[in-house]
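First the structure, in the form of structure tokens, and then the observations on it.
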Amino acid sequence: MGIKGLTALLSENAPGAMREQKFTSYLDRRVAIDASMHIYQFMIAVGRTGEQTLTNEAGEVTSHLQGMLMRTSRMLEAGIKPVYVFDGKPPTMKGGELAKRKDKREEAEAALKAAREAGNQEEVEKLSKRTVRVSKEQSMEVMKLAQLLGIPAFEAPCEAEATCAAMCKAGLVWAVGTEDMDTLTFAAPRVARNLMAPKSAEKPVLEFDYEKTIAGLGLTADQFIDLCILCGCDYTDTIRGVGPKTALKLIKEHGSIEKILEAIDTEKYPPPKDWEFAGARELFKNPEVMDVSGINLSWKAPDEEGLVEFLVKEKQFQEDRVRGVCARIRKARQGAASQNRLESFFGPPKIISSTIGKRKVEETKSGKGSKAGLNKKSKGVSGYKSKKT
DNA sequence: CTAGTCC
DNA sequence: TCCTCTGGCCCAAGACTAG
DNA sequence: TGGGCCAGAGGAA
């Protein structure tokens with residue numbers, strides 16, 4: 001997933017587009033999050049020893065619920081207002097990529113069986129992580145959990161990241177919280193990384209600003225998409241021998257992939273066979289997204305009895321833990337209500353109607369000053385330069 | 001901080 | 001010779017809490 | 001599965 005080498009490319013060529021933010025600067029901020037990505041990670045990591053994961057007495061996996069419950073309560077306690085977006089149908093162009101993944105999974109499954117028979121414990125654990133799949137039911141369970149927690153949750157028609165980006169463009173959320181740089185290619189105005197990093201890990205939130213990104217690179221919106229395709233995305237292969245640096249150089253020189261193909265020696269730099277770069281471009285430019293107009297997001301108090309019914313009765317969570325989480329969330333909500341600085345100061349976020357590809361939101365008012373008083377001083381962005389001199 | 005637990 | 005891409009190898013992928 | 005790190009191959013200068 002993601003765009004290969006984009007972070008490093010930006011840190012060298014558009015450093016102004018990246019900013020480190022204190023975690024606390026996200027107090028009271030609305031953030032769109034690709035829930036499917038998180039579920040997958042939880043299924044791999046939560047409570048795993050060997051092939052064992054957390055389960056209820058019926059043998060149903062509960063790792064995703066445990067993980068999501070904890071992560072959500074952490075965000076709410078930090079004052080973040082998450083919106084969960086779930087993946088819908090993958091775009092047909094991703095078929096090639098998905099087929100590759102399927103092959104690898106089947107390979108891993110065969111190897112897992114062998115390792116199991118050989119009693120190779122270590123190998124079994126490693127391989128079982130590679131065979132993890134998230135079922136529709138499991139996704140729906142997490143969506144149910146989100147709703148019980150009072151969090152807005154939606155199923156996207158297609159890629160979750162694209163709908164997250166659309167929400168951000170529409171002003172429904174401050175940023176998209178993700179590790180996936182595809183989101184920037186979908187032209188989300190603001191992308192926040194490391195939002196979920198644990199408190200102890202002093203990792204600051206890394207913010208990417210879309211307008212500053214393309215301005216810093218000196219590209220148009222369309223050219224930025226072409227750059228991302230050349231670097232390597234989920235939808236197509238790349239030109240062998242062309243990586244991020246060369247891609248940027250070529251785009252600046254020729255302006256588009258079509259022009260590049262005319263100009264370069266395709267013997268030395270062979271493009272993929274039947275290269276569908278135009279299709280990929282279209283997916284980034286006009287992705288299938290949820291209609292976000294008229295959506296009114298609200299964060300309600302957790303439905304404690306509903307949560308007990310679902311998590312305790314059905315999934316055998318410990319009741320006092322579940323009630324404890326509810327109590328912490330309620331407390332956090334009260335704290336937020338008394339502070340409530342952004343909303344009272346600047347009013348609710350403005351809804352800016354915008355179409356993908358047609359963007360002209362230069363004079364934003366809703367962001368700008370809202371950070372005032374929250375970040376003492378932002379240090380320079382560090383740790384993302386390619387070490388070299 | 002680490003090891004052990006969550007279900 | 002320098003720069004850039006590639007491919008191989010290795011790792012780790014959650015979060016809380018009691019001690 | 002992706003990302004960081006390191007070896008080396010090959011064009012570019």
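Side chains included, hydrogens not; waters and symmetry mates left out as well; all remaining heavy atoms used. In what follows, chains are A, B, ... by sequence order, proteins preceding strands, each numbered from 1.
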*Distance under 6.0 Å and angle within 45° of the ring axis: does R190(A) meet both against W174(A)?*
yes
*For T213(A) and A17(A), indicate whether the former's side chain and the latter's backbone hold a donor-acceptor pair under 3.5 Å.*
no
Atom pairs, protein N/O to nucleotides 4-7 of chain B N/O, distance under 3.5 Å:
residue: dC6(B); atom: O2; partner: Q66(A); partner atom: NE2; Å: 2.9
residue: dC7(B); atom: OP1; partner: Q318(A); partner atom: N; Å: 3.0
residue: dC7(B); atom: OP2; partner: Q318(A); partner atom: OE1; Å: 3.3
residue: dC7(B); atom: O3'; partner: T62(A); partner atom: OG1; Å: 3.2
residue: dC7(B); atom: O3'; partner: K315(A); partner atom: O; Å: 2.4
residue: dC7(B); atom: O2; partner: T55(A); partner atom: N; Å: 2.8
residue: dC7(B); atom: O2; partner: T55(A); partner atom: O; Å: 3.1

*Calculate the interatomic distance between H64(A) atom NE2 and dA13(C) atom P; express it in whole Å.*
22 Å
_Between dT1(D) (C1') and H38(A) (NE2): distance, integer Å_ = 16 Å
*How far does the P atom of dA9(D) sit from the matching atom of dC9(C), given to the nearest Å?*
15 Å
*Given atom CG of D320(A) and atom C1' of dT17(C), what is their separation to the nearest angstrom?*
13 Å
*If you check the R71(A) side chain, which of dT1(D), dG14(C), dT17(C) turns out closest?*
dG14(C)
*Is the shortest side-chain N/O distance from K268(A) to OP1 or OP2 of dA12(D) below 4.0 Å?*
yes
*Give the rounded distance in Å between these two atoms: CD1 of I44(A) and P of dA15(C).*
14 Å
*Establish, with yes or no, whether the OP1 or OP2 oxygen of dA12(D) is under 4.0 angstrom from a side-chain nitrogen or oxygen of Y269(A).*
yes
*Rounded distance in Å between the C1' positions of dA13(C) and dG4(D)*: 14 Å
Review item, side-chain donor-acceptor pairs of residues 157-166 of chain A, under 3.5 Å, at least two apart:
residue: E159(A); atom: OE1; partner: K94(A); partner atom: NZ; Å: 3.0
residue: E159(A); atom: OE2; partner: K94(A); partner atom: NZ; Å: 3.3
residue: E159(A); atom: OE2; partner: Y235(A); partner atom: OH; Å: 2.5
residue: E161(A); atom: OE1; partner: T183(A); partner atom: OG1; Å: 2.5
residue: E161(A); atom: OE2; partner: T178(A); partner atom: OG1; Å: 3.0
residue: T163(A); atom: OG1; partner: M290(A); partner atom: N; Å: 3.2

*Between G241(A) and M70(A), just flag the one whose closest nucleotide in DNA chain C comes earlier from the 5' side.*
G241(A)
_Sugar-phosphate, base or nothing in reach of V61(A), heavy atoms under 4.0 Å_ = nothing
*Rounded distance (Å) that lies between atom P of dC5(C) and atom NZ of K4(A)*: 10 Å
_Tell me whether K315(A) forms a cation-pi arrangement with F310(A), defined as NZ or CZ under 6.0 Å from the six-membered ring centre and within 45 degrees of its axis._
no
*Does any donor atom in the side chain of R48(A) or S128(A) lie under 3.5 Å from an acceptor atom in the other side chain?*
yes
*With a 3.5 Å cut-off and no angle check, do the side chains of Q66(A) and S63(A) form a donor-acceptor pair?*
no
*Taking only N and O in the side chain of R74(A), is any of them less than 4.0 Å away from OP1 or OP2 of dA15(C)?*
yes
*Pairwise P distance for dG7(C) and dG11(D), with rounding to whole Å*: 14 Å
*Between dG2(D) (C1') and K129(A) (NZ): distance, integer Å*: 14 Å
*Can you tell me how far P of dT4(C) sits from CG of L248(A), to the nearest Å?*
11 Å
*Looking at residues at least two apart in the chain, or sitting in another chain, which of them share a ring-ring contact (aromatic ring centres under 6.0 Å, His included) with F208(A)?*
none
_Ring-plane angle category for F42(A) and H38(A), please: parallel below 30°, perpendicular beyond 60°, tilted otherwise._
tilted
*asked:* Distance check, P atoms only: dA3(B) and dA12(C), in whole angstrom units.
replied: 14 Å
*Candidates dC16(C), dT6(C), dT1(D) - which lies nearest the side chain of R240(A)*: dT6(C)
_Span that lies between the P atom of dA15(C) and that of dT1(D), in whole angstrom_ = 22 Å
*Please state how far atom CZ in R130(A) lies from atom P in dA12(C), giving the value in whole angstrom units.*
14 Å
